[in-house]
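Here the structure comes first, spelled out in structure tokens, and everything after it is commentary.
Just so it is clear, the structure is predicted and the values come from calculations on it, not from any experiment.
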Amino acid sequence: MKKIYISIFVLSAFTFTGCADDYLDVKQTETISTDDIELFNNDSGAKTFVTSIYSKFLDWDMSSFGWIGLASITSDDADKGSTPSDTGTDKDVLDALTYNASNPSAESTFNANYDGINRCNQALAILPKLDKADPALRERLMAEAKFLRAFMYFTLVKCYGGVPIVDRVASIPLSAENKAMQLTRKTTAEVYAFIEKDLTEAAAVLPNKSQYADAEKARASKGAAYALLAKVSLYQKKWQSVVDNCNMVTGYIISPDYAKMFRLEGENDGESIFEINGNGAVPARGIQGYSNVQGVRDAWGWGFNQPSQSLVNAYETGDVRKDATIIFRGATLYDGRVIPVISADDPNPRYNLKAYSSAYTSAWETDANIKYLRYGEVLLMKAEALNELGQTSQAIPLLNVIRHRAGLGDTPATSQAAVRTAIWKERRVELAFEFDRFFDLVRTGQAKDAFTVDGKVFTVGKNELFPIPASFLLIAEGMSSQNPGYN
């Protein structure tokens with residue numbers, strides 16, 4: 001393992017490009033204290049602090065099993081999968097919306113994002129001290145750290161509502177002020193304002209994606225900052241801000257082939273704005289377990305996060321996205337792999353194709369990526385905002401761009417209400433298994449009805465948010481309280 005020890009916090013260093021000189025090589029038995037800043041006072045050392053933030057997205061607790069459970073299995077797009085007898089206190093209760101404050105996925109997602117935020121704060125504290133590193137590089141790296149911190153806080157606010165805003169490295173020993181910072185929940189509005197500040201500052205500095213070298217295309221760019229700002233505005237129904245920020249996302253295209261976007265050949269393509277890169281080659285730097293836990297059961301995977309019949313039914317006849325998103329038993333995949341049929345009453349008839357790795361199918365760490373922001377969603381966000389602003393005639397052509405790529409004709413919707421419904425439906429099939437559906441249902445007010453159709457009880461006033469982990473509230477000692485409906 002390659003690592004550097006910083007203060008009381010461990011930053012695991014990794015390269016998402018696969019170049020060995022992009023991370024600091026330290027023997028497992030060695031530690032390096034940043035008390036001696038000169039060890040990192042160069043371009044390579046400066047990069048290490050931000051590279052370690054990106055590496056967090058490869059962790060099991062950040063992007064894999066817990067996050068899949070929280071953001072996907074809970075939705076009507078997915079069922080738990082695995083086997084009916086596989087029950088306990090996590091994925092089955094998430095599927096049924098009966099989880100409580102001790103849910104492991106809610107806890108791991110909360111902790112993982114704060115782990116990543118701590119890495120961001122470490123980078124932002126140390127980079128200004130590296131006066132022998134290139135000033136322009138340091139400024140860009142700090143902007144990347146702010147984008148990544150904003151990204152993590154957006155995950156937290158969507159999941160839990162108001163959360164503590166930890167915006168700096170706490171002093172040791174911990175002062176009363178820093179303890180309160182770490183343990184006191186802020187309001188949802190305060191968290192959104194903090195996210196917007198970070199993204200605005202990042203957007204002013206970050207280069208366009210086209211300005212990065214090919215080996216650095218996965219880094220945060222100006223387009224990523226504006227796209228995330230648009231999404232943050234979408235969740236707050238700040239419609240004109242959505243349009244304005246979408247207009248700032250330039251230099252991207254709609255990829256002509258939907259299916260290829262989610263294969264190795266589609267990594268960081270012209271539509272991709274921000275994605276987490278996996279590398280299955282030795283040394284593997286893939287997302288831990290991401291492909292495996294969603295892989296075909298009894299073939300190479302665990303079979304979790306099964307596409308639901310409800311999702312299958314949502315696709316129109318002729319929509320190419322269905323077969324580009326869902327692995328069906330008995331199908332032959334694009335690389336020639338045949339998916340075996342187990343039995344007619346197989347409890348796992350479908351799987352997530354977007355998590356599939358052709359080259360490293362059975363590996364724990366694969367080359368499968370997660371596309372978190374792409375230009376197709378920017379068009380849908382802009383369409384939704386324009387429609388809400390009463391500019392429905394301008395929204396429809398954007399919706400049709402997405403439909404045409406899917407092999408479908410123009411939307412029949414013409415009224416504002418009908419176009420609103422059409423956009424919501426298009427988001428479902430366009431972004432399936434890209435971790436948006438549950439949060440889309442909540443932000444648009446569709447959740448109760450959608451889950452009723454899916455045979456689940458969504459409790460209004462409770463299930464809009466996940467529980468604050470009981471373990472956090474225990475150490476908060478009354479400085480923070482639980483979300484409504486949980487105990």
Using a strict threshold of under 4.0 Å (side-chain N to carboxylate O), is an ion pair present between [Y] and [X]?
X: R403; Y: D410; result: no
X: D244; Y: K382; result: no
X: D59; Y: K56; result: yes
X: R405; Y: E271; result: yes
X: R420; Y: E384; result: no
X: R374; Y: E275; result: no
X: R321; Y: E426; result: yes
X: D95; Y: K91; result: no
X: D92; Y: K80; result: no
X: D436; Y: R428; result: no
X: R219; Y: E216; result: yes

Cation-pi, [Y] ring and [X] (6.0 angstrom, 45 degrees):
X: K158; Y: F439; answer: yes
X: R443; Y: Y235; answer: yes
X: K209; Y: Y252; answer: no

Parallel, tilted or perpendicular: rings of Y153 and F194 (30°, 60°): perpendicular
State, to 0.1 Å, how close [X] and [Y] come at their nearest heavy-atom pair, and which atoms those are.
X: S102; Y: A470; result: OG-CB, 4.3 Å
X: T317; Y: L408; result: O-CD2, 3.8 Å
X: P349; Y: Q306; result: CD-OE1, 3.4 Å

Ring center gap for [X] and [Y] short of 6.0 angstrom:
X: W302; Y: W364; result: yes
X: F466; Y: F438; result: yes
X: F151; Y: F274; result: yes
X: W60; Y: W67; result: no

From CG (N348) to OG1 (T83), nearest 0.5 Å: 7.5 Å
Does any N or O in the side chain of [X] come within less than 3.5 Å of the main-chain N or O of [Y], such that one atom is a donor and the other an acceptor?
X: D269; Y: S272; value: yes
X: Y160; Y: A106; value: yes
X: T421; Y: A417; value: yes
X: R119; Y: S52; value: yes
X: D257; Y: K260; value: yes
X: N369; Y: G278; value: yes
X: D454; Y: K456; value: no
X: T332; Y: R337; value: no
X: S255; Y: Y258; value: no
X: Q416; Y: N387; value: yes

Listed once per pair and sorted, the salt bridge (charged side-chain N to carboxylate O under 4.0 Å, His left out) pairs that draw on residues 347-363, sequence neighbours left out: K354-E434
Sole candidate of V232, L386, L234 that passes side chain to side chain contact (heavy atoms under 4.5 Å, CB included) when paired with V242: L234
4.5 Å side-chain heavy-atom contact, S63 and I287: yes
Side chains of F451 and L441 in contact at under 4.5 Å (non-hydrogen atoms): yes
Contacts of type salt bridge (Lys or Arg N to Asp or Glu O under 4.0 Å), residue D90, not counting sequence neighbours: none
